[in-house]
Amino acid sequence: MIRSTVARVDLAALQRNFRAIQDFLAAGVSADLKGPRRTAPRIIAVVKANAYGHGAARVALALEAAGADLLACADIEEGIVLRGAGVRAPILVFGALSVSDLDGLFEFSLTPTISSPAAARAVQAAAAKHSKMLGYHLKIDTGMNRLGFRHDNLRRTLPELLCSANLRLEAIYTHFATADDPERPFFSEQRAHFEAALQTIEEIRGRESLRVPKTSRDPESVFGTRNDSRPRIHAANSAATLRDSRVWYDMVRPGLLLYGIVPPPLASTIPLTPVMSLTSRVVAVKGVRPGEGVGYGLTFHAGTPATIAVIPAGYADGIDMRVSGRCHVLIRGRRAPIIGSVSMDMMMVDVTGHDDVSPGDEVVIIGRQGDEAWQQIDTREMAAAIGTIPYEVVCRIGARIERQYD
Ligand SMILES: *Cc1c(COP(=O)(O)O)cnc(C)c1O
């Protein structure tokens with residue numbers, strides 16, 4: 001370790017979170033004995049965007065070892081990185097495919113999402129060129145108006161894809177726009193649109209039922225191999241997984257929960273641990289006289305004699321400039337407010353009255369330093385203070401920050 005600002009990634013906590021989500025799903029299913037489902041949904045572990053900033057390679061391997069059947073990433077490039085790391089599990093690519101370069105799908109055994117007729121034709125052409133049968137997931141847009149075949153237009157747009165000679169429908173999915181907002185009824189509308197779309201697709205395909213069968217399934221056949229070619233159904237991100245077991249279907253797609261963060265404003269009883277912490281060390285401590293300013297623009301003024309500690313982490317490390325005046329760090333188990341403008345490589349905190357603070361002291365920017373509730377700074381707190389979401393906080397942790405795995 002050379003640079004003192006590091007992100008620690010606790011892979012054991014990640015694996016415990018994965019199992020805690022599995023347990024939550026199993027408990028939810030067994031509590032619902034009268035329902036049609038007998039087996040708990042499987043987990044698609046979402047590791048896009050460098051595993052939400054945690055480091056895709058190590059995170060994906062840890063999740064695979066914990067039992068994830070399927071990993072999901074944003075694009076072909078990310079899938080290639082996962083294969084390069086040695087991931088053997090199937091990898092679903094969520095994003096839109098660039099129509100021009102699809103060879104990576106075949107070379108690295110990636111499973112595409114097909115979300116438009118044009119993509120369907122391009123992938124079919126590529127599969128024919130490679131003389132391969134390619135499994136894919138079909139994405140239905142049920143109201144988010146991002147990617148996917150419109151739910152209300154499928155009879156016109158889908159038949160060509162469903163007849164593609166080199167493409168095999170492995171799963172059908174949608175994505176919720178408002179799963180984290182319990183006040184909005186739109187979630188239920190999307191669910192209704194999705195289930196109607198499944199019905200329509202079933203009619204178009206004109207054969208085996210898409211419904212979850214009443215008998216328990218062979219876990220080996222979850223991804224449509226041999227004896228059971230029924231397409232799998234999935235819809236739930238973290239928020240939807242917490243919110244409504246009716247959208248669990250065959251598989252759920254948690255991202256944020258795996259990393260030990262509950263999407264705000266939701267709460268959960270799942271025992272999760274934040275996987276990443278961000279720590280640094282004080283590099284300088286100095287006195288500031290009354291009336292003097294601190295940092296670029298002198299935006300902080302000391303009214304009385306103040307003591308400032310300098311931390312070697314700045315916006316180039318992903319520290320949002322808005323943390324100044326809004327967030328704290330932990331030093332010697334105490335909260336110290338971030339003051340002045342965050343610079344590219346440094347920021348300053350106010351440690352006035354804490355005479356024991358010295359260069360070399362550990363600084364917790366995200367994480368815990370002691371057992372009291374106030375001795376934890378989590379990404380939800382930081383995100384709320386600066387008007388963003390915890391997703392952005394973790395994804396932004398800079399590329400130059402070393403990830404240390406333990
Ligand atoms: C990112 C993503 C997820 C995971 O979302 P979380 O809110 O992190 O659980 C699930 N599905 C799709 C399609 C996504 O893009």
Side-chain angles (χ1 to χ4, degrees), residues 14 17-18 20-22 24-25 41-54 56 59-60 63 68-79 82 90-97 110-116 119 136-149 151 170-182 187 190-191 194 232-245 247-268 270 272 274-276 379-380 383 388-396:
L14 175 79
N17 292 343
F18 179 86
I21 297 167
Q22 274 183 323
F24 168 77
L25 296 168
R42 318 281 287 198
I43 295 175
I44 302 176
V46 180
V47 296
K48 65 190 178 195
N50 196 27
Y52 291 44
H54 293 62
V59 163
L63 289 168
D69 304 289
L70 178 56
L71 299 166
C73 61
D75 54 30
I76 293 177
E77 286 297 315
E78 289 188 353
L82 295 175
I91 297 172
L92 172 64
V93 178
F94 280 147
L97 304 162
L110 306 175
T111 304
T113 294
I114 297 185
S115 52
S116 72
Y136 70 98
H137 290 211
L138 169 63
K139 177 101 181 254
I140 306 297
D141 184 347
T142 53
M144 182 155 171
N145 284 315
R146 202 175 59 176
L147 292 180
F149 287 76
H151 67 94
E170 285 183 357
I172 305 168
Y173 75 101
T174 193
H175 195 50
F176 291 106
T178 63
D180 57 359
D181 185 351
F187 179 81
Q190 281 198 272
R191 182 169 76 87
F194 187 50
R232 294 332 190 209
I233 309 299
H234 54 93
N237 60 359
S238 293
T241 301
L242 295 179
R243 173 178 173 148
D244 189 345
S245 62
V247 298
W248 289 355
Y249 303 108
D250 298 301
M251 295 182 270
V252 297
R253 304 191 303 267
L256 201 65
L257 284 181
L258 291 171
Y259 306 102
I261 307 167
V262 175
L266 303 182
S268 168
I270 305 177
L272 301 172
V275 172
M276 181 157 46
T379 50
R380 272 176 69 135
T388 184
I389 51 177
Y391 298 83
E392 190 181 359
V393 171
V394 285
C395 286
R396 285 246 177 124

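Throughout, numbering of the chain's residues begins at 1 and tracks the sequence. Values reported hereafter were calculated over all heavy atoms of this structure, with side chains retained and with hydrogens, waters and symmetry mates removed. Every number for a ligand or one of its atoms is a count from 1 in the order of the listing.
- For atom 8 (O) of ligand 1, the nearest protein heavy atom (residue, atom name, distance) is Tyr52 OH, 2.5 Å.
- Using a 4.5 Å heavy-atom threshold, the side chains of Ile91 and Cys73 count as touching.
- Remark: minimum distance from atom 7 (O) of ligand 1 to any protein heavy atom is reached at Tyr391 OH, 2.6 Å.
- Atom 12 (C) of ligand 1 has its closest protein heavy atom at His175 CE1, 3.4 Å.
- For the pair Phe94 and Leu147, the minimum side-chain heavy-atom distance is 4.5 Å or more.
- Here is the list of ligand 1 atoms found below 4.0 Å of a heavy atom in Pro254: 9 (O).
- Summarising the geometry of Ala240 relative to Phe187, their closest heavy-atom pair is CB-CE1, 3.8 Å, with the distance given to 0.1 Å.
- Around CZ of Arg396, the count of heavy atoms belonging to other residues, nucleotides or ligands within 6.0 Å does not exceed 12.
- Note: an N/O pair closer than 3.5 Å links Arg253 and ligand 1 by distance alone.
- There is no side-chain donor-acceptor pair under 3.5 Å between Arg42 and His234.
- Side-chain contact between Phe24 and Thr241 is present, with at least one heavy-atom pair separated by less than 4.5 Å.
- Of all the heavy atoms in Thr113 and Tyr173, the pair that sits closest is OG1-OH, 2.7 Å.
- Distance from atom 2 (C) of ligand 1 to its nearest protein heavy atom, with residue and atom name: Lys48 NZ, 2.5 Å.
- The distance criterion of under 3.5 Å between nitrogen or oxygen atoms is not met by Phe94 with respect to ligand 1.
- In this structure, Ala239 has no heavy atom closer than 4.0 Å to ligand 1.
- Within ligand 1, counting atoms from 1 as listed, the ones closer than 4.0 Å to a heavy atom of Ser238 are 6 (P), 7 (O), 9 (O).
- For ligand 1, the atoms closer than 4.0 angstrom to any heavy atom of Leu256 are 6 (P), 8 (O), 9 (O).
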